Peer 1: 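Here you go, one structure.
Treat the numbers as computed from the prediction; the structure is a model and nothing was measured. Both backbone and side-chain heavy atoms feed into the values below; hydrogens, waters and symmetry mates do not.
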Amino acid sequence: MPAVKPKQLSEARFRKLFDETHAMSIQGYRSDGTVVYWNAASEKIYGYSPAEALGKNLLDLIIPSEMREEVRSAVDWMFANKTGIPSGRLNLKHKNGSSVPVYSSHTVVELPGEEPIMFCMDADMRALDLAEAEVQKLSYFDVLTGLPNRRLLLDHLQGALQGLRLEHQYGALLLLDIDNFHGINDTLGYDAGDQVLVACARRLQHHISEPSIVARIAADEFVVLLQPLEHSIGAAATEAELAAQRLLQALRRPVAIDQQPHNLQAKIGITVFGNRSEDQHELLRQVDIALKHAKSREETAIAFFDRSMEANIQRRIKLSQALSTALEKEQFFLEFQPQVDVQQHVVGYEALLRWRHPVLGLIPPDEFIPIAESNHSIHAIGDWVFEQCCWQIVRWQKANCYHHLRLSINVSAVQFRRDDYVKRTQSILQRAGADPAQLRLELTESLMAGNIDFIVEQMQALKDLGLSLSLDDFGTGYASLAYLTRFPLDELKIDRAFVTDLADDGKGALLAATIIGLGRNMNLTVIAEGVETIEQFGRLRDMGCEVFQGYWFGKPSPHLPEA
């Protein structure tokens, strides 16, 4: 067997190395551009097999026509100077005619007694370009919904501000927040939450047309940039409000999650802009304030920004901070309002939470409860209320008296939707040793804006503990008869608004009579709250109402009957 010369061995090694370099196209050319080497990676990048490429000319294979003169000059220069030109990015040509972006390096190799060869080493940039495009997309678009994110929204908003001012037109910014979205994640899981967000995004997009846009800027917050609107601020505000109402209506349609309908509600803050000097960050701050105002009010889902809101927001922030330590500092206390039967005998009490701040004084529940729900301190506060009522029942038990009295306790929808609520309630009951038969939980109709199956399961679990359940403010919210028949309730509570309307023979009288009849047919106790006159008591009694609560029978007091 003949010996292999060192030169041949070296060449074989380099050829093997080049051939097996799959990530880098390596080509060899003579000074006239003829291909003398073409590795497998070159076929992958440019489409030509080695058999097709060898012997062909560089200019004909991979050089676009508009680059040929420049490349011919560069090749001549490299062979004349025996060195490569600086590395850089080039857009070359695939066999099929498409453009191939590569990062190209060059060198000229000249061995003694042999003609010089120019080697080109090209790295395919297409994957990198795709990656860069994806990074660019991630920088400007929300991954889940595909909507513009905060960064792209700010760009659009800046452009809108400039354009609308030049045209003397108005635009509006709408910030939408999905009610109890965290509760959806907690009870149904994050996949269900993602389904809700995608559904909301599609519905919003359906109702918005260019140049207006929809963006997602936080977990459950969407922004709608409306432009252009009317030429007067009043007309622009009206147009923005009508758009907000359409969006709310679209979001209220049930979303199917695991083939079960899930009701949604939302709040919207609005700010109108066009003739002022605010920048995009100031507009986002304004619309955030407007949204907070909308979330703090039960009577409406839409709020416009105005300067007076800022003081309210500052107070809300102060209260939110104070709530975090209010329990620890023993600033909460309970008052109890009597509930009576048709003979006006006391049959129970409703426990009412009060907060006395050392500086701000007595804070109304309708002000601090929504804040507690928002910052989630409601869970600890609700547990404290329930525990205090349990210990009151225990005191009555030890005194061997008042076994006929019941304490009613309000439960926030935010509390109830937490998946460990039943477990926490059971733990408090067991720790105190209270008789659950003397405790009634009052739930609000806002619970209906959620997963009905989960709500029914929670209710039944509480009933299994021995607690009774009341539906508070019935007739003012979301409840439908179809849902009502599924709930293991013991009591319906007529809202005070209907009781107030009794005297004028208005709709309140009709609704009160309807609720009383409904309760009787479903074997539920019916209690009317807000009874303030003997006339109201008489009319409700004549309609068949069984239990009453209001100032006519007694105002809330911190004192309960003791042995």
Peer 1: Taking Arg486 first and then Asp453, would you say they form a salt bridge - that is, a charged N and a carboxylate O separated by under 4.0 Å?
Peer 2: yes
Peer 1: Ignoring hydrogens and geometry, is there a side-chain-to-backbone donor-acceptor pair from Ser377 to Glu373 under 3.5 Å?
Peer 2: no
Peer 1: Just by modelled atom types, is the Gly554 backbone N or O under 3.5 Å from a matching donor or acceptor in the Gln337 side chain?
Peer 2: yes
Peer 1: Show every salt bridge (charged side-chain N to carboxylate O under 4.0 Å, His left out) that has at least one partner inside residues 321-330, sequence neighbours left out.
Peer 2: none
Peer 1: Would you say the side-chain atoms of His207 pair up with the backbone N or O of Arg203, donor to acceptor, closer than 3.5 Å?
Peer 2: yes
Peer 1: Could you tell me which residues satisfy side chain to side chain contact (heavy atoms under 4.5 Å, CB included) with Leu327, sequence neighbours excluded, listed by chain and number?
Peer 2: Phe332, Ala380, Ile381, Trp384
Peer 1: Could you check whether Lys295 pairs with Asp177 (Lys NZ or Arg NE/NH1/NH2 to Asp/Glu carboxylate O, under 4.0 Å)?
Peer 2: yes
Peer 1: Looking at residues at least two apart in the chain, or sitting in another chain, which of them share a side chain to side chain contact (heavy atoms under 4.5 Å, CB included) with Ala513?
Peer 2: Met543
Peer 1: When the aromatic ring centroids of Phe537 and Trp552 are compared, is their separation below 6.0 Å?
Peer 2: no
Peer 1: Tell me, please, which residues at least two apart from Phe336 pass ring-ring contact (aromatic ring centres under 6.0 Å, His included).
Peer 2: none
Peer 1: Is any side-chain heavy atom of Ile428 less than 4.5 Å from a side-chain heavy atom of Thr425?
Peer 2: no
Peer 1: Are any non-hydrogen side-chain atoms of Glu221 and Leu175 less than 4.5 angstrom apart?
Peer 2: yes
Peer 1: Mind checking side chain to side chain contact (heavy atoms under 4.5 Å, CB included) for Glu532 and listing every partner two or more places apart, or none if nothing turns up?
Peer 2: Gln536, Tyr551
Peer 1: Give me the ring orientation class for Tyr421 and Phe416: parallel if the planes are under 30° apart, tilted from 30 to 60°, perpendicular past 60°.
Peer 2: tilted
Peer 1: With sequence neighbours left out, write down each residue that passes salt bridge (Lys or Arg N to Asp or Glu O under 4.0 Å) with Arg315, or none if nothing qualifies.
Peer 2: Glu367
Peer 1: Check for a donor-acceptor pair, side chain of Ser212 on one end and backbone N or O of Ile208 on the other, with a separation under 3.5 Å.
Peer 2: no
Peer 1: Can any side-chain N or O of Asn521 pair as donor or acceptor with the backbone N or O of Gly517 at less than 3.5 Å?
Peer 2: yes
Peer 1: Got a donor-acceptor contact below 3.5 angstrom from the Gln438 side chain to the Leu405 backbone?
Peer 2: yes
Peer 1: My understanding is that only residues two or more places apart in sequence, or in another chain, count here; which of them pass salt bridge (Lys or Arg N to Asp or Glu O under 4.0 Å) with Asp490?
Peer 2: Lys463
Peer 1: Side chains of residues 241-257: which donor-acceptor partners sit under 3.5 Å, not counting sequence neighbours?
Peer 2:
from   : atom 1 : to     : atom 2 : distance (Å)
Arg252 : NE     : Gln265 : OE1    : 3.4

Peer 1: We want to know whether Thr444 and Asp472 form a side-chain donor-acceptor pair, criterion being a heavy-atom distance below 3.5 angstrom.
Peer 2: no
Peer 1: Test side chain to side chain contact (heavy atoms under 4.5 Å, CB included) on Arg417 and Ser412 and set out the steps.
Peer 2: CA-CA 9 Å; Arg417 291 192 185 105; Ser412 160; over 6 Å; no
Peer 1: Checking Asp220 now: which residues fulfil salt bridge (Lys or Arg N to Asp or Glu O under 4.0 Å) with it, not counting sequence neighbours?
Peer 2: none
Peer 1: Which pairs with one or both residues in residues 421-440 pass salt bridge (charged side-chain N to carboxylate O under 4.0 Å, His left out), sequence neighbours excluded?
Peer 2: Asp383-Arg424, Glu387-Arg431, Asp420-Arg424, Arg440-Glu491
Peer 1: So, taking the atom named CZ in Arg285 and the one named OG1 in Thr271, what distance separates them when rounded to the nearest 0.5 Å?
Peer 2: 9.5 Å
Peer 1: Has the side chain of Arg520 got a donor or acceptor atom that lies under 3.5 Å from a matching backbone atom of Ile515?
Peer 2: no
Peer 1: Report yes if some heavy atom in the side chain of Leu174 is under 4.5 Å from a heavy atom in the side chain of Leu226; otherwise report no.
Peer 2: yes
Peer 1: Check side chain to side chain contact (heavy atoms under 4.5 Å, CB included) between His404 and all other residues, then give those that pass, not counting sequence neighbours.
Peer 2: Tyr402
Peer 1: Tell me the salt bridge (charged side-chain N to carboxylate O under 4.0 Å, His left out) pairs involving residues 350-365, sequence neighbours left out?
Peer 2: Glu335-Arg354, Glu350-Lys493
Peer 1: Contact between Ile409 and Val385 at the side-chain level, heavy atoms closer than 4.5 Å - yes or no?
Peer 2: yes
Peer 1: Check the pair Val224, Ile213 against side chain to side chain contact (heavy atoms under 4.5 Å, CB included), reporting the backbone distance first and the verdict last.
Peer 2: CA-CA 6 Å; Val224 176; Ile213 66 164; over 6 Å; no
Peer 1: Distance only, no hydrogens: is a donor on one side chain within 3.5 Å (strictly under) of an acceptor on the other, for Gln195 and Asp191?
Peer 2: no
